[in-house]
**Student:** 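One structure follows; several queries about it will come next.
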Amino acid sequence: MKSLLLGATALLALGAPAFAGPAAVSAARFGETVRVLSSDAFEGRAPATPGETKSVDYIIKQFQAAGLQPGGDVQQSGGRAWTQDVPLARFRIAGPVTFEVTAGGASQAWTQGQQIAIRASETGADHLSVKAAPVVFVGYGIKAPERDWDDFKGYDLHGKIALVLVNDPDFETGKGDFGGKAMTYYGRWTYKYEEAARQGAIGFMVIHETAPAAYGWNTVKNSNTNEIFDIIRQDPKATHAPLEGWIQRDATVDLFAKAGLDFEALKKQAQTRSFRPVELKGVSVSADYAVEAATVVSHNVVGVLPGAKHPGEHLIYTAHWDHLGVGQPDARGDRIYNGAQDNASGVAALVELANAFGRSASRPDRSVVFLAVTAEERGLLGSEYYSSHPLYPLATTVADLNMDVINVHGPTRDVSLSGNAPVSLQDDLVAVAAGHHLNFTPDPEPEAGHYFRSDHFPFAKRGVPSLSIDSGVDLVRGGVAAGEAARAAYTRDRYHQPADEYDPTWDLGGAVQELEVLYDLGHSLADTRQWPDWKAGAEFKAERDRTAAERR
Ligand SMILES: [Zn+2]
């Protein structure tokens with residue numbers, strides 16, 4: 001077993017005292033954890049399957065061996081379990097979707113998967129029926145007080161179907177109040193649906209355009225017309241309008257024309273502050289379909305190491321344990337989606353960090369939580385559930401450091417992030433990486449909205465400073481060309497395919513580098529009295545500021 005001693009780092013960013021007790025990270029144990037979790041016996045680790053039971057049991061054993069304490073649900077005895085129950089709601093459209101559009105006095109039937117992709121209603125209703133609802137274009141559907149931006153301007157959407165543009169107002173021009181080409185959270189369709197529910201719309205449909213969405217209609221069709229999972233919400237109508245879905249761009253342009261409107265001209269208007277909702281005169285929609293709802297229970301695995309001085313303040317490390325399970329076979333006839341890199345590798349990193357902290361002679365000042373979440377592949381649901389039912393108060397949660405796919409291609413000269421964010425943690429990461437002689441490479445695809453696509457995001461949305469580390473691309477052997485080639489090969493040949501399997505020839509030197517950085521960053525955050533924060537203008541700063549009095 002090859003071991004590596006983690007030394008003290010110059011904590012440039014935080015000014016915290018350097019960590020005194022070295023701790024062991026093992027590349028061999030990291031590889032073994034990936035091998036076991038991604039073996040065929042674990043059946044691709046789908047939530048609420050026998051593969052979940054095996055995964056959860058295995059992770060608990062690793063946490064126990066590392067010296068963690070159970071940090072999950074509080075039991076009747078008063079102690080904590082190793083897990084947090086995550087009840088999930090599953091929705092399926094049962095039978096056909098009837099969708100009729102009336103424009104200029106003539107009616108037309110639209111087909112599920114062609115002009116529209118209607119999602120199974122997530123409000124809990126078993127039947128959805130909309131009769132001749134008026135249709136309104138609401139631009140980008142954004143209400144952002146900190147940017148002095150409101151596309152709704154008090155317009156009453158009750159009983160109406162709203163059509164909304166994907167991405168944010170400065171995607172096309174590349175400059176403006178929403179981060180230029182980079183996508184802000186206001187550009188994600190998940191935000192738009194939430195805002196629609198707040199505005200009281202009966203239906204909300206995102207207009208699909210390939211470039212700003214960053215994927216084609218097939219992706220929209222496949223991921224929206226099959227089964228949908230959600231956390232179980234006390235008031236689902238607060239988050240979901242009864243009718244949610246997508247509409248093809250060409251069908252939209254046609255509908256606008258029938259109402260005497262020019263889609264492109266209105267889109268230009270929507271890129272300005274003065275935009276107001278526009279009703280499509282003479283256009284209405286009727287829809288009818290049945291929905292089948294079921295409940296399943298999955299689990300987050302939670303270990304904790306209580307802090308020596310400030311146990312009520314928590315730093316969280318997250319990694320999702322779930323993957324896609326058993327599905328369509330690939331060309332080799334393999335049906336098991338093993339998810340070795342995505343994300344058995346992140347869980348293995350979590351286990352190594354648990355060992356590094358847990359086996360150390362000295363405890364950090366603040367508590368450290370090791371959270372292996374479920375159902376990331378179903379829409380970040382395990383982390384969404386945790387952050388809406390936190391086991392430790394979010395106001396005094398220092399930060400979330402997330403891991404989703406760890407480098408197995410050898411040592412690098414840099415580290416990166418999955419999504420850049422205006423948060424002081426990013427500066428801390430850059431400083432800690434520099435202490436390990438690693439450069440920082442910003443997210444090379446900011447327009448794809450990666451910051452909103454893994455488990456740190458539900459924390460960020462609720463104000464907790466968060467980031468998701470990403471491997472560097474500048475490989476010591478072969479440089480950027482080799483790093484980018486390795487990445488491209490992964491995306492093309494293995495990502496979300498049965499071929500994402502454990503490989504004994506992996507070079508885990510890069511994984512160890514990522515672990516050193518994550519360990520030192522976490523340890524410095526756990527040992528300082530400071531609180532990382534959002535920078536001025538960040539969309540989640542106001543939410544964090546609301547609880548400022550609870551952080552002293
Ligand atoms: Zn993942």
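Please read all numbers here as calculations on a predicted model, not as lab measurements. Atoms within a ligand are numbered from 1 in the order they appear, just like the ligands themselves.
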**Student:** From the N, O or S atoms in D342, identify the one nearest to the Zn ion (ligand 1).
**Tutor:**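 The closest N, O or S atom of D342 to the Zn ion (ligand 1) is OD1.
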**Student:** Could you tell me whether the Zn ion (ligand 1) has an N, O or S atom of E377 under 2.8 Å away?
**Tutor:** no
**Student:** Return the orientation label for the Y193 and F204 ring planes: parallel under 30°, perpendicular over 60°, tilted otherwise.
**Tutor:**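 Judged by the thresholds at 30° and 60°, the geometry between Y193 and F204 is perpendicular.
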**Student:** Can you establish whether the number of heavy atoms outside R477 located under 6.0 Å from its atom CZ is more than 12?
**Tutor:**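 No.
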**Student:** What about F540 and F457, are their ring centers closer than 6.0 Å?
**Tutor:** yes
**Student:** So, are R35 and E32 salt-bridged, with charged N and O less than 4.0 Å apart?
**Tutor:** yes
**Student:** Does H320 put an N, O or S atom under 2.8 Å from the Zn ion (ligand 1)?
**Tutor:** yes
**Student:** Provide the atom name of the closest N, O or S atom of D404 relative to the Zn ion (ligand 1).
**Tutor:**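 Per the distance ranking, D404 contributes OD1 as its closest N/O/S atom to the Zn ion (ligand 1).
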